[in-house]
Amino acid sequence: MRYISTRGAAAAQDFKGVTLTGLASDGGLYVPENWPAFSREDIAALAGLSYVDTAVAVMRPFVSGVLDDQALKNLCEAAYGQFNHAAVTPLVQLDERHFLLELFHGPTLAFKDVALQLLGHLFEKFLSEEKGQDLTIVGATSGDTGSAAISAVAGRAGVQIVMLHPNGRVSEVQRRQMTTVLDKNVHNVAIDGSFDDAQAIVKAMFNDSDFRKRHRLGAVNSINWARLMAQIVYYFYAAVRLGAPDRKVAFSVPTGNFGDVFAGYAAKKMGLPVEKLIVATNINDILYRALSAGDYSVGNVTPTDAPSMDIQISSNFERLLFDLHGRDAASLAATMAQFEQSRAIQISDAMRQQAATIFSSKRIDPDEMAATMRWASDKAGQVIDPHTAIGLAAARETDLPKDVPVVTLATAHPAKFPDAVSRITGKNAPLPHRLADLYSREERYVELPASRQTIQAYIDAGFQL
Ligand SMILES: *Cc1c(COP(=O)(O)O)cnc(C)c1O
């Protein structure tokens with residue numbers, strides 16, 4: 001399998017190349033040169049397979065030429081063995097047609113673990129084959145992504161991770177999930193500034209090409225193809241359990257970056273009978289405006305109870321736009337150049353109609369979100385987190401045929417957002433057993449000013465102050 005850049009000016013690469021590169025050198029995103037096709041028989045053959053065996057079958061075509069089945073299986077066993085549920089991503093039935101797909105049984109209680117745990121093992125394997133310099137992953141986090149990324153690479157050979165968070169501005173659960181990871185290759189930095197300051201510093205470090213080369217900087221954000229690939233698996237896993245290939249299934253996906261729902265699009269392109277993908281946004285609604293009215297324009301970010309969806313630029317949307325442009329990279333590159341300049345593009349009616357054959361979209365406001373959390377708690381006995389509630393609210397408003405089961409992706413464990421959960425539902429969401437002592441664990445992090453020079457000096461000095 002070869003991967004091409006959406007903007008057409010970077011060399012095609014194999015799976016190993018795109019995993020280690022992340023963003024293409026022309027600023028585009030890597031996509032498979034073509035979608036692997038699964039026949040009815042291929043899908044029927046997934047019935048009853050374990051999560052790991054499903055993962056091997058679904059990801060096999062994407063890694064061909066780089067990993068054989070046994071190597072892929074070993075990596076999946078290492079990654080998904082860390083999950084706290086034997087089914088890895090179990091389905092829970094809420095009423096006659098609605099289901100939750102629980103993606104939060106990984107080490108940091110959010111769906112990002114599904115992809116990042118595998119990515120950590122892929123990095124270790126590929127870097128050990130090269131025997132080159134360590135990869136230094138740098139990132140900025142407002143909470144969720146940081147802990148999932150740290151957990152994914154903690155203790156992995158050949159990788160260092162430096163994670164910046166705004167001092168005093170992430171919740172205690174989120175901070176502790178990062179700072180209590182004491183492996184030698186994990187470096188938490190609390191900066192005296194905001195999340196935007198942290199992000200700007202990371203961006204500036206990447207733009208300093210000497211520094212970037214000196215430390216072989218890498219990123220783990222959701223533009224990395226390997227992350228999306230790992231997410232395709234659970235669409236197959238859930239749909240097969242609900243009757244695919246003989247029955248169509250719809251999915252409702254709470255999204256901000258268009259990452260998770262793009263994986264569902266890939267599953268459909270591969271032949272999974274997906275009736276519809278419901279793109280659920282909160283009031284930070286660029287994706288809703290784009291899909292319902294063609295208005296892809298950046299607004300201001302309003303903080304909500306679903307902070308992981310408080311996003312105004314959906315980096316993975318470019319991958320869909322590439323297909324909507326008929327995979328014409330030159331034309332897409334021109335569109336993206338216009339977007340980067342004016343922060344707004346209008347999607348043509350023809351493209352929007354094409355997207356509407358696969359996607360619908362709903363924007364969920366805070367009242368609907370809260371009502372859905374209460375419905376789930378009172379009527380279905382499930383305490384759900386605010387992100388999941390946005391997906392479920394959109395699912396419950398669907399006008400799809402009644403016989404189509406609708407699966408909402410449950411993206412975070414309610415214990416990650418205890419304040420919102422108890423305020424809205426009156427219920428407590430206790431931490432799962434293995435995190436129960438989180439508040440008494442030793443923490444380690446350094447506090448630094450929001451200065452790129454100081455942070456680079458800290459990294460240059462081998463993580464010494
Ligand atoms: C990251 C995240 C999302 C959004 O994921 P996308 O990559 O934007 O699709 C939704 N819910 C939770 C809990 C998350 O952490």
Side-chain angles (χ1 to χ4, degrees), residues 22 29 89 100-117 119 139-152 170-171 173-174 177-178 195 219-232 234-235 251-267 277-288 290-291 301 304-320 359 361 364 369 372-373 384-395 408-418 420-421 429:
L29 306 184
T89 62
L100 294 178
L101 180 60
E102 293 185 345
L103 304 177
F104 53 67
H105 293 284
T108 74
L109 311 181
F111 94 96
K112 292 184 173 67
D113 288 329
V114 178
L116 283 167
Q117 288 292 317
L119 189 65
T141 187
S142 52
D144 257 10
T145 312
S147 57
I150 287 170
S151 166
V170 300
S171 76
V173 184
Q174 290 179 320
Q177 281 192 306
M178 298 191 281
F195 170 64
V220 290
N221 43 23
S222 73
I223 49 139
N224 192 303
W225 166 258
R227 281 184 64 177
L228 294 186
M229 175 189 75
Q231 294 171 218
I232 299 170
Y234 48 69
Y235 286 90
F251 291 90
S252 180
V253 187
T255 190
N257 247 322
F258 208 71
D260 210 359
V261 73
F262 188 83
Y265 170 78
L277 294 164
I278 303 167
V279 178
T281 76
N282 63 20
I283 53 176
N284 297 295
D285 61 353
I286 183 170
L287 288 170
Y288 168 74
L291 291 166
V301 175
T304 72
D305 282 324
S308 298
M309 296 163 64
D310 291 344
I311 283 171
Q312 278 293 359
I313 298 186
S314 297
S315 38
N316 277 294
F317 197 58
E318 177 168 343
R319 288 187 159 107
L320 177 67
F359 298 99
S361 185
I364 303 299
M369 183 200 78
T372 304
M373 288 172 75
I384 61 174
D385 102 287
H387 302 79
T388 304
I390 286 166
L392 183 58
T408 296
L409 304 198
T411 52
H413 192 290
K416 276 207 106 155
F417 302 95
V421 168

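Residue numbers count from 1 along this sequence. The figures that follow rest on heavy atoms only: side chains count, while hydrogens, waters and symmetry mates do not. Numbering of ligands and ligand atoms starts at 1, following listing order.
Looking at N284, its side chain never comes within 3.5 Å of a backbone N or O of I311 through a donor-acceptor pair.
Using a heavy-atom distance under 4.0 Å as the criterion, the protein contacts of ligand 1 are F111, K112, D144, P254, T255, G256, N257, F258, G259, D260, S308, M309, H387, T411, A412.
Using modelled atom types and a 3.5 Å distance limit, the side chains of Q117 and S151 yield a donor-acceptor pair. Side-chain contact annotation: R319 with N316, donor-acceptor N/O pair under 3.5 Å present.
Nearest heavy-atom pair across S361 and V279 is OG-O, 3.0 Å.
Shown here are the ring-ring contact (aromatic ring centres under 6.0 Å, His included) partners of F104, two or more places apart in sequence or in another chain: H413.
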- Task: Would you check, one step at a time, whether the test side chain to side chain contact (heavy atoms under 4.5 Å, CB included) holds for F359 with L287?
- Result: CA-CA 11 Å; F359 298 99; L287 288 170; over 6 Å; no
